[in-house]
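Read the structure below first, then the notes.
First listed ligand is number 1; within each ligand, the first listed atom is number 1.
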Amino acid sequence: MKVGIIGFARSGKTTVFNSLTGAHAEVGAFGNREANLAVLKVPDERVDHLAAVYKPKKVAYADFQFVDVPPDEASGEEKALSSAALTALRQVEALVHVVRAFDNENVMHPLGGVDPVRDCRALEAEMQLEDLIIIERRLERLEKEHRKDREYEVLGRCKAHIEKDEPLRLLELNPQEEKVVSGFCFLSRKPLMLLGNYGDERIGQDDPSGLRAYAEQTDQTLIELCGAMEMEVCQLPEDERTAFREELGLGEESRTRFIKTAYAMLGLVSFLTTGETEVHAWTAPKGTRAQDAAGIIHSDLARGFIRAEVVHFDDFAAAGSMAKAKEAGHVRLEGKDYIVQDGDIILVRFNV
Ligand SMILES: Nc1nc2c(ncn2[C@@H]2O[C@H](COP(=O)(O)OP(=O)(O)OP(=O)(O)O)[C@@H](O)[C@H]2O)c(=O)[nH]1
Ligand SMILES: [Mg+2]
């Protein structure tokens, strides 16, 4: 799962990026820089268990791949989305908006004072405008070609929706319409999570900035954390972290909170593949069919899909081995339309 970290200049994007991934990207840097890339592995006891049983050559956890794009001077700081960011963000599957809610007189906010709700609205407007530009360009083209087809109709609805000041993620589309729209990679259609970056003094306090109320009113997911503190703690040796967190009243680690929130919000499940060569956890949206899950592993597996052998991890663990799980009748043969469940261990039978 690829996640883009967005937000206004100096909102703490890189600080949050470091605290989620354990990376050491430079914070408070200036000038044109490269994007930061790092991976957050999703801890999974099921993977650990399978690895202990199979002793495979390779163990792979499900992961979130983060990209944190710095502002570029050419695009100007009053915009959160630089042209470099726009390019990088087309490919991501979800967005995290780091909203500045911390006071720090040494760190200038590009829009003036600290105002999280203004920032949310402004970034939302930027995304919608970028989408609108693409839509209008495409509609013009279709009109020139006299193509008043489904694409024309759906894009017309997208346009009307944005003109009502609504992000495309709130537009209901059926699966065929979704297919038409997905190729455009519209930013305002990507799932968006708000991440309030609060100052140390706000730990465990109410939120007078109005960000929490805004998130509730607009039915958006909000993670509240103190980025600077999280980053500091996450760079301590592992055995000291828990004590520090307790002392500071920081609660659950930001990465754990992020993973839980992201799975719930994005409606994700994890399924597993196992064997002597590799134990691997994969993420898929809830409701994914077996054939599409096979495609997440490798496109050949989807193309040549015959059947899937499926056993739930809990049944496997209770039985002790695959042979015993089979004996007990827990290993089922499923067809391409089987809906993959969280914790399913899957072996795809295929032929290409
Ligand atoms: N007090 C306080 N300062 C913070 C916090 N988060 C970030 N900062 C400071 O704000 C400045 C910018 O932080 P970065 O993480 O570099 O922000 P950014 O959004 O990546 O910045 P750009 O990439 O330049 O847009 C740094 O000086 C940080 O130390 C926070 O939670 N509290
Ligand atoms: Mg940065």
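Heavy-atom proximity to V107, at under 4.0 Å, picks out these atoms of ligand 1: 10 (O), 11 (C), 27 (O). Close approach of ligand 1 to A9 is summarised as follows: ligand atoms under 4.0 Å from at least one heavy atom of the residue are 25 (O). Below 4.0 Å from some heavy atom of A29 lie the following atoms of ligand 1, by number and element: 24 (O).
Looking only at protein heavy atoms, the nearest one to atom 16 (O) of ligand 1 is G28 N, 2.7 Å. V27 CG1, 3.6 Å is the protein heavy atom nearest to atom 28 (C) of ligand 1. In this structure, atom 18 (P) of ligand 1 lies nearest to the protein heavy atom K13 N, 3.4 Å. Considering only non-hydrogen protein atoms, atom 24 (O) of ligand 1 sits nearest to R33 NH2, 3.3 Å. Nearest non-hydrogen protein atom to atom 8 (N) of ligand 1 is F102 CZ, 3.5 Å.
Of the options L89, V67, V98, V96, a side chain to side chain contact (heavy atoms under 4.5 Å, CB included) to I6 is made by L89 and by none of the others. Partner of Y338 under the side-chain hydrogen bond (donor to acceptor under 3.5 Å, both in side chains) criterion, out of R307, Q291, R332: R332 alone. No option in D344, D342, D314 other than D342 meets the salt bridge (charged side-chain N to carboxylate O under 4.0 Å, His left out) test with R46.
Note: an N/O pair closer than 3.5 Å links N197 and ligand 1 by distance alone. Considering backbone and side-chain atoms alike, R10 places an N or O below 3.5 Å from some N or O of ligand 1. Some N or O of A228 is nearer than 3.5 Å to an N or O of ligand 1, by distance alone. Note: an N/O pair closer than 3.5 Å links G12 and ligand 1 by distance alone. Checked by distance only, ligand 1 and S11 come closer than 3.5 Å through their nitrogen or oxygen atoms.
Residue Y198 touches ligand 1 through its backbone alone, judged by heavy-atom distances below 4.0 Å. Residue contacts with ligand 1, taken as heavy atom pairs separated by less than 4.0 Å, involve T15 via backbone and side-chain atoms alike. Looking at T14 against ligand 1, both its backbone and its side chain come within 4.0 Å, counting heavy atoms. Under 4.0 Å from ligand 1, the heavy atoms of N104 that appear belong solely to its side chain.
Aromatic rings from F66 and F258 are positioned such that their centres are separated by under 6.0 Å. For an aromatic pair to be called close, the ring centres must be under 6.0 Å apart, and F313 with H49 satisfies this.
Salt bridge status for E276 with K55: absent, with no side-chain N to carboxylate O gap under 4.0 Å. One finds no salt bridge joining E166 and K164 here, because no Lys/Arg side-chain nitrogen approaches an Asp/Glu carboxylate oxygen to under 4.0 Å. Salt-bridge annotation for R169 and E124: present, with a side-chain N of the basic residue lying under 4.0 Å from a carboxylate O of the acidic one. A salt bridge does not link E126 to R121: none of the charged side-chain nitrogens sits closer than 4.0 Å to a carboxylate oxygen. Remark: R245 does not engage E252 in a salt bridge, criterion side-chain N to carboxylate O under 4.0 Å.
Considering every non-hydrogen atom in both P70 and S82, the closest pair reads O-OG, 3.8 Å.
Residues L171 and L192 fall into different hydrophobic clusters, defined by Ile, Leu, Val, Met, Phe, Trp and Tyr side chains chained together at heavy-atom separations under 4.5 Å.
Protein contacts to the Mg ion (ligand 2) involving N, O or S atoms at a distance below 2.8 Å are T14 OG1.
Nearest-residue assignment for atom 22 (P) of ligand 1 (options A35, C226, P71, S82; heavy-atom criterion): P71.
Remark: H161 pairs with no residue by the ring-ring contact (aromatic ring centres under 6.0 Å, His included) rule, at least two apart or across chains.
Looking only at distances, a side-chain donor or acceptor of D131 sits under 3.5 Å from a matching main-chain atom of L187.
A donor atom on one side chain and an acceptor atom on the other are found under 3.5 Å apart for E143 and Y152.
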